[in-house]
Amino acid sequence: MNFDDTPQEAEFRATARKWMEANAPKKYEAELSKSSLGRIRLEKEEIVDVGKAWQKKKAEGGWACLHWPKEYGGRGATPIEKVIWQQEEGVYGKLTQPFQIGEGMCGPTVMAFGSEEHKRHYLPKLASGEHIWCQLFSEPAGGSDVAGLRTRAEKKGDDWIINGQKIWTSGAHYSDYGLLITRTDPNVPKHKGLTMFFLDMKSKGVEVRPIKQANGMQEFNEVYFTDVVIPDSQRLGAVGDGWNVSLTTLMNERMSIGSRLATGFPEMFEFCSNLMTEDGLAIDDPATRSKLASWAVKASGLKYTSYRAISSLSKGERPGPENSIGKLVSGTMLQDIATYAMDLEGAAGALTGADEEAASGQFQQMLLSSPSMRIAGGTDEILRNIIAERVLGLPGDIRVDKDVPFNKIPTKGR
Amino acid sequence: MDLKDNGMNFDDTPQEAAFRAEAKAWIGANAPKQYEEELRKSSLGRTVLKGANILEVAKAWQKRKADAGWACLHWPKEYGGRGSSPIERVIWQQEEGPFGKLSGMFIIGHGMCGPTMMAFAGEEEKRKYLPPLASGEKVWCQLFSEPAGGSDVAGLRTRAEKKGDDWIINGQKIWTSGAHYSDYGILLTRTDPNVAKHKGLTMFFLDMKSPGVEVRPIKQASGQSDFNEVYFTDVKIPDSQRLGAVNDGWNVSLTTLMNERMSIGAGVSTGFPELFDFCNSLMLDDGPAIEDRNVRSRLANYAVKASGLKYTSMRAISALSKGDRPGPENSIGKLVAGSMVQEVAMYALDLQGAAGVLSGPEDAEVAGKFQAMLLRAPGTRVEGGTDEIMRNIIAERVLGLPGDIRVDKDVPFNKIPTKGRA
Amino acid sequence: MNFDFSDEQKQMRDAARKFLAEKCPPKAVREVLDGKATYDKALWKGLAEMGFLGVAIPEEFGGAGAGHLELCVIAEEMGRALAPVPFSSTVYLAAEALLLAGSDAQKQKWLPKIASGDAIGTLALFEGKGNPSPQAIKLSAAGGTLNGVKKPVPDGAIADFAVVAARTGSTGRDADISLFLVDLKAGGVEVRSLTNIDPTHGQAELTFKNCKAEPLGAAGEGWGILTQVLDRAAVLMAFEQVGGSDRALEMGRDYALDRIAFGRPIGSFQAVKHILADMYVSATLARSNCYYGAWALSTNASELPEAAAAARISATQAFQHCSKNNIQVHGGMGFTWEFDCHMYYRRANATAVTLGSLSYWEDQLIDRMRKKNAA
Ligand SMILES: Cc1cc2nc3c(=O)[nH]c(=O)nc-3n(C[C@H](O)[C@H](O)[C@H](O)COP(=O)(O)OP(=O)(O)OC[C@H]3O[C@@H](n4cnc5c(N)ncnc54)[C@H](O)[C@@H]3O)c2cc1C
Ligand SMILES: Cc1cc2nc3c(=O)[nH]c(=O)nc-3n(C[C@H](O)[C@H](O)[C@H](O)COP(=O)(O)OP(=O)(O)OC[C@H]3O[C@@H](n4cnc5c(N)ncnc54)[C@H](O)[C@@H]3O)c2cc1C
Ligand SMILES: Cc1cc2nc3c(=O)[nH]c(=O)nc-3n(C[C@H](O)[C@H](O)[C@H](O)COP(=O)(O)OP(=O)(O)OC[C@H]3O[C@@H](n4cnc5c(N)ncnc54)[C@H](O)[C@@H]3O)c2cc1C
């Protein structure tokens, strides 16, 4: 067991560091260091623009999507090299947020199911950030229950005609392409009648309506489809096999290790180290310490859990299911941390003006954003079910919707 | 105490004050004072008296109360009670104080068996059996749970078969608290396995000394043996001891369970008063524990849970005393208290450092007390409905959420899947 | 980076698991639980023969000279099996203290005996309620003799020797504390067994009356050595706790699959599934923190103090959490003496305090993180 770089790793790190020195957009460093969950933004510029420029520069230097094959815009790097890169990229990594869904989920799905021609055409631009991708899975009728979706795709000649609605689509408003799952056969059981496509978000008949979120921002959207035409060549996987294709996407989400999971702990530790209360520094207070310690060991537990996964990946093993705990642990933790940070400030914790911005503003944004961490990409309850069923081998729920044709499932008249 | 009409207040009305004075005077003259100190110090998992048999002391105290009209106060006089109002009962409990801890062995009889008898037994049986139950001369137990079904009580298998005017019982119960010192028990049996599980049950009461009843104590995780297995081999029960109609036993049992919920003021143990006392006297490395912010923060959290439970039960008492049925709020008591006691006990051990492990006589005062709590608490989270069942009850009966999807409900009992374990 | 145990270490873990499954089934643990023995002597001998007692002791002192990563995997298995032997006191506390501070002669005298199973050792630190702190040490040492009372001392009633923390000065500083080595069979010590929440592991009170003792390490350096010993023991104990957590989780899972209520396995109810999923989460976090602790321990990294506290806290929380909810999943059965659930619950709550309480380690962790940040 060791944490040391091997000679090759050390060399890779040196190269990365040198390149960063020469190329990173240093003028944003201070602002980015202070950004945290729910509040990654720049004073004078659009984060998406700055993000795109940075991603482009990385792609040119060979530092984008490092673990992807070179022919698709990557570097063919090892998992550990990816981690080393992330360590060296540091705070600038926060600029990659708009690309995470594309890199972590859409890209790998296209890689697994797209034709060679498509891969060579779409993936390099995805990697370089020129094109942003989104994931069109959730619908009003089904978020946890994705397989309950109703957006229809009907074959017409060589094309498919799409009608329906998606919801909660992050980044749809600035996306160029999307991964879309549809229902092609409502007469078979729900998981059997789905088909996956990708489409140009500028296609005729696609309408994106932003949704204002609970935290005041607008990051996700409703997307309406009215007679949208998708050529059959943009189908991913076989007709009726969309559920399996979507599992690949979701698995990839779980495997996208080393992806920086915000826990709120570093911010909280720093905040407590500097906050003066009536009787001294907050961090000297036993009650605060006890809480900090509990969070510290969760944060480090997550970190080392992902290191364990990286180690097994780099030995060519499939990482175990340990990684699925990340979001489950960190979602609630962010919420608790933000609540406590506001508590420490007393009544002033409620203020959000410019003066307060530096400290409590950060935690307020965390507080308001953290509920979504507990929902997006699988709710806490669904994750617990996954752990119980896939990791511990417990039986699934008793189901009323599984082996019946989709159009025979009870819907409460809706 | 009145929360609505004349504004909220906690003062005794003149009648209540008179009642309180009378109770206080009687307790002053009659309580077994020699045990007061020990009882005050006992807590969940550890009510013991040195040099005396607690069962005998408890029975003597119950008898004395009954003789003077202070037993089962809210029961009608003809059945051994006093016909008191719910508030009088609370006043009595406040005055009885630590001596109330002696009633532990009667809780099942007074809280569940008695009310079931009252609702379903013949007049003759009520007059015969209830007064000695009230006075503690006879102790009762509840024979519901079986190896195959605790949460799933309605899955029970103990058979009752009619033979002339009698019923013949064969089967096994488990987890029966106090069976080893009980005189009578209420017993839920299956009389028809060919109908749906809830439809083929019948309730009886029986003499625990009947031939064919065998009680085998079970040693608990805590080391004590308060519960038992009870085996029935061709035990005969006369039909006159049936409670409710044949095959209506599930409804009868719901009465029992409802009553359990209504036996308010029974005062669930939270461990908070003990922890507060302990922190008040404990010295840490850098001063009194009660001055430590971490200790305070935790104490405050426990304090509001304990007081929340207390005032929830007060609200129920107020409702009761106005003739309203208390709402379901009371079902939260055991759910909150069970895990709270567990946490409180763990924290009390923590506060003592390594010495928290010790439990010998000289450490009994603190460490031992909290250890007993720690070891008993898991039982609280299971007995009388597990935490999970309690949450289901709250979700379904209070919040109106749908029940689980069931595979066992509308099928004949003998067709329910058992994984081959018939 | 390689953040995993090596294949050889994993093989050793498998060997230890197999050995303990055979030699230390629950029945054997119960012999001690029920007071029929003070510890499992046959198992102790067997552990020696397997080379497990001396796995981290250098070959020159009769050990296997493997290392601390190997000791970690064995510790995990000891915790899983609830082995009723004085492993933690002898190996994590006494042997570590000797390795850190013992003279060559002291090592030669005791380490081979530890490795061969012929000597049981312990650390006599606490004097009643409270956590590790120099101020709490009152037992005095003067002219090579000790006077005072230590309690609780883990495995004190069966130990052959003890490392004793004593006061040798009164300046109010750490330098007031020195360590001594005492042969408990040589007289001058009264030993009294104390009952405790986990009867599978004894605790005792040791009263020193003009007891002869030899210094361990330099005078006035006792506190520094002790802090290191406790950190090292914290990592090793954390592995035991993780082993126990995993076993409790497994027991709960198996029972949930087997037990039928309402016509279906109770493991098909979400309420039960989610309890078990949460147990898995806490056990996994603890395991990962422990691996980091193992790395720091085995390389004597400067991160050890922080890593040890994190492993200790995380593993204590996980073991308490898993052992109590294992009972819950078992319903009434979990509350019987006959089922093994309560043995894990007892062990979890005993190990939670024996090296100093959770609150203490929480305080330590934040202190250490702060120091690191300041540096
Ligand atoms: C910030 C944010 C960004 C998102 N981005 C995207 C995106 O880019 N693309 C996309 O496709 N989707 C996206 N989503 C949608 C997200 O995946 C869904 O919201 C999520 O899967 C939950 O679905 P739902 O909202 O329909 O809630 P529901 O599924 O209706 O859940 C409601 C509640 O019921 C519980 N529940 C449901 N089923 C079960 C069950 N079987 N067992 C136990 N509990 C259950 C849930 O845990 C939850 O508490 C995003 C969501 C958020 C908040
Ligand atoms: C100290 C003590 C005293 C007792 N005294 C008596 C007594 O005097 N008389 C008597 O009749 N009984 C008594 N009991 C029995 C008690 O009522 C049962 O133990 C309890 O109802 C649980 O049943 P079980 O033990 O069969 O556990 P199970 O029902 O097998 O439960 C095992 C686990 O599964 C969970 N579970 C079961 N069903 C569901 C569901 N539908 N949804 C979600 N989770 C579920 C439970 O919550 C639990 O975690 C006593 C128990 C104890 C511990
Ligand atoms: C008020 C109350 C208190 C309880 N206390 C305990 C307890 O202390 N310990 C314990 O182990 N279990 C307790 N239970 C029972 C617990 O709910 C059962 O373990 C649980 O109901 C599972 O039984 P079941 O699903 O077979 O019955 P259910 O499916 O809940 O009920 C079966 C049938 O009984 C009837 N029924 C159920 N509840 C009521 C009601 N409140 N009023 C009228 N009819 C009803 C309905 O017709 C229903 O279809 C209590 C239940 C209730 C309602």
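Since the model is a prediction, treat every value here as computed from it, not as a measurement. Chain letters run A, B, ... following the sequence lines, proteins first, then strands; residues in each count from 1.
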Chain C contacts, top residue of [options] (heavy-atom pairs, under 4.5 Å):
| options | value |
| --- | --- |
| A/I283, A/D5, A/T6 | A/I283 |
| A/V329, A/I84, A/D284 | A/D284 |
| A/K298, A/R384, A/E270, A/E381 | A/R384 |
| A/G396, A/G393, A/S311 | A/S311 |

A/K18, NZ: over 12 other non-hydrogen atoms inside 6.0 angstrom: no
Is [X] in contact with chain A via its backbone, its side chain, both, or neither, using a 4.5 Å heavy-atom distance?
| X | value |
| --- | --- |
| C/S314 | both |
| C/L358 | neither |
| C/Q317 | side chain |
| C/L69 | side chain |
| C/D367 | both |
| C/M369 | both |

Partner of A/S300 by side chain to side chain contact (heavy atoms under 4.5 Å, CB included), out of C/N289, C/L285, C/I313: C/N289
With rounding to the nearest 0.5 Å, note down the distance linking [atom1] in [X] to [atom2] in [Y].
| X | Y | atom1 | atom2 | value |
| --- | --- | --- | --- | --- |
| A/I398 | C/F269 | CD1 | CZ | 7.0 Å |
| A/L394 | C/I266 | CG | CD1 | 9.5 Å |
| C/E250 | A/L392 | CD | CG | 10.0 Å |
| A/L292 | C/L365 | CG | CG | 9.0 Å |

What is the minimum heavy-atom distance between [X] and [Y], and which atoms define it?
| X | Y | answer |
| --- | --- | --- |
| A/P395 | C/G267 | CD-O, 3.7 Å |
| A/D397 | C/S268 | OD1-O, 3.8 Å |
| C/Y280 | A/I325 | CE2-CG2, 3.8 Å |
| A/S294 | C/E362 | OG-OE2, 3.8 Å |

Can A/D380 and C/H274 be said to form a side-chain contact (heavy atoms from CB on, under 4.5 Å), step by step? CA-CA 10 Å; A/D380 282 4; C/H274 289 189; over 6 Å; no
Is there a side-chain contact between C/R287 and A/R308 in this structure, where contact means two heavy atoms from C-beta onward sitting under 4.5 Å apart? yes
Does any non-hydrogen side-chain atom of A/K315 lie less than 4.5 Å from one of C/D4? yes
From the list C/T299, C/L249, C/D278, the residue making the most non-hydrogen contacts under 4.5 Å with chain A is C/D278
Largest heavy-atom contact set with chain A, pairs under 4.5 Å, which of C/S282, C/A277, C/A301, C/A309: C/A277
Where on [X] is there a heavy atom nearer than 4.5 Å to chain C: the side chain, the backbone, both, or neither?
| X | answer |
| --- | --- |
| A/L328 | side chain |
| A/D4 | backbone |
| A/I80 | side chain |

Backbone N or O of C/S288 within a donor-acceptor pair of the A/K303 side chain at under 3.5 Å? no
Could you walk me through whether A/T288 and C/I366 satisfy the side-chain contact (heavy atoms from CB on, under 4.5 Å) test, starting with their C-alpha distance in whole Å, then the side-chain angles of each, then the deciding distance to 0.1 Å, before giving a yes or no? CA-CA 10 Å; A/T288 301; C/I366 300 303; over 6 Å; no
Dump the intermediate steps for side-chain contact (heavy atoms from CB on, under 4.5 Å) on C/R370 and A/R289, then the final yes or no. CA-CA 11 Å; C/R370 251 182 112 187; A/R289 280 187 172 217; 3.7 Å; yes
What verdict does the side-chain contact (heavy atoms from CB on, under 4.5 Å) test give for C/Y291 and A/Y304, after you've listed the backbone C-alpha separation in whole Å, the side-chain angles of each residue and the deciding distance to 0.1 Å? CA-CA 8 Å; C/Y291 279 27; A/Y304 299 123; 5.8 Å; no
